[in-house]
Amino acid sequence: MTDFDDYAPQPGGLAARAAAAAQRPPYLDGLNPEQRAAVETLDGPVLVLAGAGTGKTRALTTRIAHIMALGKARAWEILAVTFTNKAAREMRERIEMLVGEGAQAMQWLGTFHAVSANILRRHAELVGLKPNFTILDTDDQIRLLKQVLQAENIDDKRWPARALAMRIDSWKNRGLSPGQVSAGEAESFANGKGAQLYALYQERLKILNAVDFGDLLLESLRLFRENADVLADYQQRFKYILVDEYQDTNTAQYLWLRLISQGRRNVCCVGDDDQSVYGWRGAEVENILRFEQDFPGAKIVRLERNYRSSGHILAAASHLIAHNEDRLGKTLFTDGEDGEKPTLTGVWDSQEEARVIGEDIEQLQRKGQSLEEVAILVRASFQMREFEERFVEIGLPYRIIGGARFYERLEIRDALAYLRCVAQPADDLAFERIVNTPKRGLGDATIQLLHAFGRRERIPLMQAARVLVETEEMKPKPRGALKNLIADFDRWRDLIDTKPQHELAEMVLDESGYTEMWRQDKTPEAAGRLENLKELVRAMEEFPDLAAFLEHISLVMDTEESKEQERVSVMTLHAAKGLEFETVYLPGWEEGLFPHQRSLDEQGRAGLEEERRLAYVGLTRAKRRARIFFASNRRIRGLWQPTVPSRFVDNLPPTHVEVVEAPSGAHYGGYAVSRFANLDVYGSDYSTPGWKRAQGARPAPARESRPSSRQPLTIEGEVVARSSSTSRWNAGARVFHMKFGPGTVATVDGNKLTVDFDKAGRKMVLESFLEAG
DNA sequence: CCTCCTACTACGCGG
DNA sequence: TAGTAGGAGG
């Protein structure tokens with residue numbers, strides 16, 4: 001009544017609202033209502049359908065901050081999965097900006113593969129592995145498959161290991177173990193041996209104490225399925241679960257996620273069907289469509305307000321993607337200004353393309369554009385090379401993301417193989433790689449011997465070697481060399497817990513003669529390789545131990561590049577998903593390259609639509625400037641071929657796109673003209689100006705990158721030379737040896753026998769090499 | 001067993 | 001074209 005006492009603000013009045021706002025945590029400021037819903041709807045399943053540039057990452061990171069701020073869960077009780085390392089890293093950085101140090105405690109933030117690897121190491125024994133298992137990359141995988149094919153006497157010309165690897169991958173992506181592969185599909189490789197080869201491969205992996213990328217998921221899935229208590233533990237542990245880029249989950253990931261989230265059901269998935277570009281590795285967009293069925297009562301939040309791109313860019317992208325039939329369909333809008341229209345430029349060939357883009361960037365740079373805000377997004381990584389060469393020439397600082405990576409270089413892989421052998425004596429692939437590097441006189445014959453014995457006894461090569469050097473199966477020279485090598489490894493392995501890993505690495509590389517090998521090498525690359533080895537040792541310092549370092553490089557192959565200097569980023573469209581730049585260059589919009597021919601051949605319309613989504617992803621990375629290019633000639637496998645502009649060019653709305661002539665007088669600038677200009681005019685071979693120009697002075701590309709094979713992993717291992725089992729033979733028995741011929745057993749010591757050979761005299765040999773004589 | 005040469009394939013995207 | 005795998009010869 002009175003205006004003087006007991007005054008309280010009226011509920012809902014101005015003062016109350018202002019007061020509430022003051023109490024609202026600052027991180028919620030500036031979120032639009034939909035974003036706030038995505039952040040504040042904490043309990044129960046939530047699906048956030050977020051268009052490109054609608055603040056999805058912001059919503060996700062704020063949600064995590066909110067969970068922690070309300071005390072709903074601690075950092076380590078939150079599971080947050082992404083697809084790429086880049087996305088995981090960025091998410092951690094952004095959370096750190098919101099909550100500070102707390103972000104470091106989020107030990108369950110990472111890629112599906114990294115999180116799975118973590119879980120798997122904790123329970124390795126339950127799926128028949130040791131905790132220090134090795135994670136093989138594609139290269140190792142293929143080498144191993146080659147061995148399997150060889151052992152099965154399958155012609156690897158007709159049935160390439162590569163093809164088998166792809167098939168096994170796709171089975172794993174779908175969550176299929178060898179027994180679950182349908183007969184029809186198993187039929188399709190090596191006359192029905194597909195599933196059998198898959199099974200053999202898995203068997204070999206177990207012996208090697210190794211998994212491939214697909215196994216990380218599949219094996220942890222199996223772990224959960226076969227161990228209810230373990231599953232229950234994780235279901236309880238993770239109070240909140242967040243999944244980024246949900247449209248990219250494959251079946252195995254989907255099953256994994258569904259199991260792990262059934263406990264508390266606080267799962268929040270964020271995705272955009274228009275940005276589904278990983279169909280080729282088994283992603284199922286259906287997962288996103290099925291969400292409501294899988295999680296009844298799920299709340300759906302739609303983010304459609306675009307904050308990133310200016311009007312014309314958004315219009316162009318929306319128009320383009322509207323050509324797809326398979327989409328949920330959503331309408332992005334922006335309140336921002338129209339800005340610049342995306343430009344379209346036809347150039348003569350890929351070299352001109354690189355030149356024009358280089359000049360354009362320099363011009364923007366003069367106007368104050370930061371190079372950090374400029375990106376070139378290509379369809380295929382081989383396109384990067386042209387830019388690299390040109391930028392080196394004109395001195396434009398650039399950064400290749402996801403190209404030929406540091407850890408894929410020959411010398412780095414060799415060095416890692418040494419470390420893997422130290423950490424993980426069962427790692428045959430690593431051992432095989434370096435037994436004779438540098439040359440030790442351990443050639444094919446020796447390796448074959450080790451293999452034969454190892455296979456027969458089902459033991460790793462290193463262990464086989466250990467046993468074999470105690471006998472006379474080998475000639476003295478290789479025997480001595482192998483003995484030394486094993487002794488070296490034993491010595492290094494003893495230091496694993498006491499010596500800092502980078503010092504150990506240096507020691508290994510020196511004492512093995514590996515560094516010396518490159519010092520002796522007179523080729524021009526040798527110096528660079530030695531530099532890289534130094535860099536590797538330096539990089540190791542940052543890790544707590546060898547195991548941590550090896551884990552890091554199996555899962556996170558890219559080095560975090562320095563940000564000291566501003567650089568233009570060059571990367572694939574796939575790698576660019578989730579990122580944004582002021583200015584984006586989109587070269588190579590030509591039929592066959594983009595959309596990629598193989599995508600069309602293999603997937604038909606679905607393939608085309610995925611390619612179109614990729615184009616959409618590319619365009620929507622741009623905040624202010626998007627520049628599309630197509631060339632009339634491109635070098636494919638060393639041959640210059642005339643090309644035709646991409647059909648996606650025709651999918652762009654003319655009113656929102658500006659056609660720009662290439663400054664250097666490319667006469668086929670306008671796309672209406674150039675679309676067919678090149679088709680028949682020049683014929684297809686060596687009379688084209690492009691070819692002629694190509695014959696002109698081309699600086700010899702000085703580029704170094706030798707992908708080869710190999711990878712890393714983990715600590716400590718035991719080697720048991722077995723000597724106690726009894727032999728099939730007793731003294732006096734007649735036996736036959738492949739190399740030494742017939743003889744009589746003199747003495748027996750476990751699996752080692754001394755035999756008096758009729759011709760070769762007395763030798764100590766292994767039982768497994770003997771037959772009844 | 002090593003080195004040199006020839007022949008073949010590959011240039012689709014990632015953990 | 002380039003990088004590598006496999007074969008021949010020393």
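Labels below follow one simple rule: chain letters A, B, ... track the order of the sequence lines, proteins then strands, and each chain is numbered from 1. Everything numeric here is computed off the predicted structure, so don't read it as measured data.
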Query raised in the report: From the list C/dA2, B/dG14, B/dG12, which nucleotide is the closest neighbour of the side chain of A/Glu611?
Result: B/dG12
What residues, two or more places apart in sequence or in another chain, satisfy side-chain hydrogen bond (donor to acceptor under 3.5 Å, both in side chains) together with [X]?
| X | answer |
| --- | --- |
| A/Gln520 | A/Glu516 |
| A/Thr620 | none |
| A/Glu611 | A/Arg379, A/Ser599 |
| A/Gln253 | none |

Query - Ring centers of A/Tyr278, A/Trp280 separated by less than 6.0 Å - result: yes
Can you check the [X] [atom1] to [N] [atom2] distance for me, whole Å?
| X | N | atom1 | atom2 | answer |
| --- | --- | --- | --- | --- |
| A/Asp444 | C/dA5 | CG | C1' | 13 Å |
| A/Lys477 | B/dC2 | NZ | P | 8 Å |
| A/Phe213 | B/dC13 | CZ | P | 16 Å |

Query - Side-chain N or O of A/Asn436 closer than 4.0 Å to phosphate OP1/OP2 of B/dC2 - result: yes
Query raised in the report: B/dC13 phosphate, OP1 or OP2: any side-chain N/O from A/Ser381 under 4.0 angstrom?
Result: yes
Restricting both atoms to N or O, compile the protein contacts to nucleotides 6-11 of chain B shorter than 3.5 Å, with distance only.
{"unit_1": "B/dC11", "atom_1": "N3", "unit_2": "A/Arg637", "atom_2": "N", "d": "3.4"}

Please list, for nucleotides 7-10 of chain C, all pairs of protein and nucleotide N/O atoms separated by less than 3.5 Å.
none

For [X], which contact category applies under a 4.0 Å heavy-atom criterion: base, sugar-phosphate, or nothing?
| X | result |
| --- | --- |
| A/Gln603 | nothing |
| A/Ala114 | nothing |
| A/Thr138 | base |
| A/Ser599 | base |
| A/Phe112 | nothing |
| A/Glu602 | base |

Query raised in the report: Considering only heavy atoms from C-beta outward, does the side chain of A/Trp518 approach that of A/Glu411 to under 4.5 Å?
Result: yes
Report task. Indicate yes or no: at least one non-hydrogen side-chain atom of A/Phe387 is less than 4.5 angstrom from one of A/Tyr398. Result -> no
Requested in this report: Let me have DNA chain B in dot-bracket notation, would you? Count Watson-Crick plus G-U wobble pairs, both distances under 3.5 Å, and use [ ] for pairs crossing earlier ones and | for inter-strand partners.
Outcome: ||||||||||.....
Query - Non-hydrogen atoms of A/Asp414 and A/Ile434 that approach each other most closely - result: O-CG2, 3.6 Å
Query raised in the report: Between A/Ile288 and A/Asp273, which heavy-atom pair has the shortest distance, and what is it?
Result: CD1-N, 4.4 Å
Requested in this report: With DNA chain B as reference, determine whether A/Lys439 or A/Thr572 sits nearer its 5' end, using the nearest nucleotide of each.
Outcome: A/Lys439
Return the set of residues passing side-chain contact (heavy atoms from CB on, under 4.5 Å) with [X] (not counting sequence neighbours), or none when no residue passes.
| X | result |
| --- | --- |
| A/Gln107 | A/Trp76, A/Arg122 |
| A/Met571 | A/Leu377, A/Ile401, A/Ser569, A/Ala575, A/Ala576, A/Leu579, A/Phe581 |
| A/Glu472 | A/Arg479, A/Lys763, A/Met764 |

Report summary line: Exactly one of A/Thr572, A/Asp248, A/Asp272 clears side chain to side chain donor-acceptor pair (under 3.5 Å) with A/Lys577, and that residue is A/Asp248
Query - Sequence-distant partners of A/Glu473, salt bridge (Lys or Arg N to Asp or Glu O under 4.0 Å), two or more places apart - result: none
**Report entry** Residues in contact with DNA chain B, drawn from residues 275-285 of chain A - heavy-atom cutoff 4.0 Å
**Finding:** A/Tyr278, A/Trp280, A/Arg281
